[in-house]
**Student:** 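The following block contains the structure, expressed as structure tokens.
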Amino acid sequence: MDSQFIIYAIPSGRFGAQVDSFFFETLSHVGRNIAHNFMPHVTLTNFFSANSSYPPSFFASHLRDAITSAKEKNSGRIPMKSLEFTFLKEEGKASAFASQIARFDGKADISEVLKLDSDIISADPRLIWPPTRWPGPESAEWFGIPILSTVLVDAIQDFAERVRRCAKEGDFVGPTRVEDWLHISCAYGYAENDKKKISELTLSVDTALGETSEWEIRLYERKKPSIDGFIGDDWISHFSDKL
């Protein structure tokens, strides 16, 4: 079976420590939910496959170049902004993610963006969230932290384009989707009676720290995909750099 690759942004520093603690505390107090199957992360691409003609170093090199280029254009760093902990029900997803339009309309004041009517969000073709991408098929509820970073999204798009340009003619390699709804999924697929405790535990995370704490970008290879696609897989990091 071909290897599968994916790119994550990982929170570190004080913010990362608080998010890690939230994962630990929810596991301790209410037990495992689907979010516990993963490390805390922001997904930046879909899983993409590659045959032996494209070793991990091929993707790592292009990712390094794309991140370096983005940093050079932005005073040596890639800015990340984390919004407040968000609770979603599936039917409310459009209005809850009004903040994401900030990426497209250039508004600087997030509080004003949040007041936008949900019909505007739903009608904007640049804000696509198909039902099949709802986080957690076993739950219509979700706790998470939205993340804003136009620079990072553009850098990953640059990576995807570099890969396509350097691939052999006729080979389709690299990600087919670059995520622009950035977020850390913190709890979903939990029992209904656990929601109150999970909500209380969100108060232990100062999401404002996400803007000043360090982040890392990592290229992972997933080998031997298991039946459910995640648990028991072998994960190998081939590239890591600070944002």
Side-chain angles (χ1 to χ4, degrees), residues 1-13 16 19 35 37-80 82 103 126 128-130 132-133 135 147-185 210 213-243:
M1 178 177 290
D2 291 346
S3 295
Q4 291 185 307
F5 298 89
I6 196 166
I7 300 173
Y8 287 157
I10 308 295
S12 60
V19 174
N37 293 342
F38 314 87
M39 74 183 80
H41 69 278
V42 176
T43 301
L44 299 176
T45 67
N46 62 316
F47 279 103
F48 55 95
S49 300
N51 59 38
S52 57
S53 298
Y54 300 95
S57 58
F58 172 81
F59 298 108
S61 175
H62 288 300
L63 182 56
R64 179 183 297 106
D65 291 345
I67 294 299
T68 299
S69 176
K71 287 181 178 179
E72 290 174 348
K73 297 174 184 176
N74 290 276
S75 303
R77 66 184 297 269
I78 294 180
M80 304 283 283
S82 50
R103 165 170 158 71
R126 296 165 298 183
I128 300 173
W129 189 3
T132 54
R133 290 175 60 194
I147 305 294
L148 297 177
S149 181
T150 304
V151 176
L152 181 56
V153 171
D154 290 344
I156 301 305
Q157 186 63 55
D158 180 32
F159 158 77
E161 293 171 356
R162 289 170 184 263
V163 167
R164 285 193 289 269
R165 288 197 302 267
C166 293
K168 298 176 183 177
E169 185 176 357
D171 284 358
F172 297 95
V173 297
T176 58
R177 186 179 73 243
V178 173
E179 300 288 353
D180 55 15
W181 173 52
L182 305 185
H183 61 279
I184 302 173
S185 291
S213 290
E214 292 183 341
W215 289 76
E216 293 182 10
I217 188 166
R218 296 180 190 171
L219 169 69
Y220 280 102
E221 178 183 9
R222 186 179 75 175
K223 289 191 172 183
K224 300 177 182 177
S226 54
I227 294 175
D228 65 16
F230 298 102
I231 300 175
D233 297 348
D234 293 331
W235 293 77
I236 304 170
S237 176
H238 290 288
F239 173 79
S240 178
D241 193 12
K242 293 187 183 300
L243 296 177

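Heads up: numbering here begins at 1 and tracks the sequence. Note that these values count all heavy atoms, side chains included, but never hydrogens, waters or copies made by symmetry.
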**Student:** Atom CG in Leu44, atom CD1 in Ile6: separation rounded to 0.5 Å?
**Tutor:**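 One finds 8.5 Å between CG of Leu44 and CD1 of Ile6.
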**Student:** State, to 0.1 Å, how close Glu216 and Ser240 come at their nearest heavy-atom pair, and which atoms those are.
**Tutor:**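 Heavy atoms only, the tightest pair is OE1-OG, 3.3 Å.
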**Student:** When the ring planes of His62 and Phe58 are compared, do they come out parallel, tilted or perpendicular, using 30° and 60° as the limits?
**Tutor:**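 Taking Phe58 first and then His62, their aromatic rings stand perpendicular (interplane angle over 60°).
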**Student:** Which distance, rounded to the nearest 0.5 Å, do you find between the OG1 of Thr150 and the CG of Asp180?
**Tutor:**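 Answer for the OG1-CG pair, Thr150 versus Asp180, is 9.5 Å.
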**Student:** For Phe159, which residues count as a ring-ring contact (aromatic ring centres under 6.0 Å, His included) partner, sequence neighbours excluded?
**Tutor:**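 With neighbours one apart ignored, the set is empty.
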**Student:** At what distance, to the nearest 0.5 angstrom, does CG of Leu152 lie from CG of Asp158?
**Tutor:**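 The distance works out to 11.5 Å.
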**Student:** Please name the pair of heavy atoms, one in Lys71 and one in Asp241, separated by the smallest distance, quoted to 0.1 Å.
**Tutor:**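 Heavy atoms of Lys71 and Asp241 come nearest at NZ-OD2, 3.2 Å.
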**Student:** Between Asp154 and Lys73, does a salt bridge (Lys or Arg N to Asp or Glu O under 4.0 Å) hold up when you go through it step by step?
**Tutor:** CA-CA 12 Å; Asp154 290 344; Lys73 297 174 184 176; over 6 Å; no
**Student:** Heavy atoms, side chains only, cut-off 4.5 Å: are His238 and Phe59 in contact?
**Tutor:**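 Not in contact.
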**Student:** Tell me the closest heavy-atom pair linking Pro56 and Leu219, and the distance in Å.
**Tutor:**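 Looks like O-CD2, 4.0 Å.
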**Student:** Checking Val163 against Tyr54 for the side-chain contact (heavy atoms from CB on, under 4.5 Å) test, could you report, in this order, the C-alpha distance in whole Å, the side-chain angles of both residues, the deciding distance, and whether it holds?
**Tutor:** CA-CA 10 Å; Val163 167; Tyr54 300 95; over 6 Å; no
**Student:** Looking at Phe48 and Gly174, what are the two nearest heavy atoms and their distance?
**Tutor:**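 Shortest heavy-atom contact: CB-O, 3.3 Å.
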**Student:** Report the distance from atom CD1 of Ile67 to atom CG of Leu243, rounding to the nearest 0.5 Å.
**Tutor:**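 If I round to the nearest 0.5 Å, the distance is 6.0 Å.
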**Student:** Shortest non-hydrogen contact from Pro40 to Ile10?
**Tutor:**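 It is O-CD1, 3.8 Å.
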**Student:** Is the ring pair Trp235/Tyr220 parallel, tilted or perpendicular, if the boundaries are 30 and 60 degrees?
**Tutor:**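 Geometry flag for Tyr220 against Trp235: perpendicular rings.
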**Student:** Ala66 and Ala155: which non-hydrogen atoms are nearest, and at how many Å?
**Tutor:**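 Heavy atoms of Ala66 and Ala155 come nearest at CB-O, 3.5 Å.
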**Student:** Do Ser149 side-chain atoms and Pro79 backbone N/O form a donor-acceptor pair below 3.5 Å?
**Tutor:**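 Yes, because the side chain of Ser149 sits within donor-acceptor range (under 3.5 Å) of the backbone of Pro79.
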**Student:** How about Ile184 and Pro11: do any of their side-chain heavy atoms sit closer than 4.5 Å?
**Tutor:**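 Ile184 vs Pro11: side chains touch.
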**Student:** Tell me, please, which residues at least two apart from Glu214 pass salt bridge (charged side-chain N to carboxylate O under 4.0 Å, His left out).
**Tutor:**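 Only Lys242 meet the salt bridge (charged side-chain N to carboxylate O under 4.0 Å, His left out) criterion with Glu214.
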**Student:** Would you compute the distance between atom CD of Glu179 and atom CD1 of Ile147 and round it to the nearest 0.5 angstrom?
**Tutor:**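 Here the interatomic distance stands at 13.5 Å.
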**Student:** First locate atom CD1 of Ile217, then atom OH of Tyr8, and finally report the distance between them rounded to the nearest 0.5 Å.
**Tutor:**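 Reported value, rounded in 0.5 Å steps: 13.0 Å.
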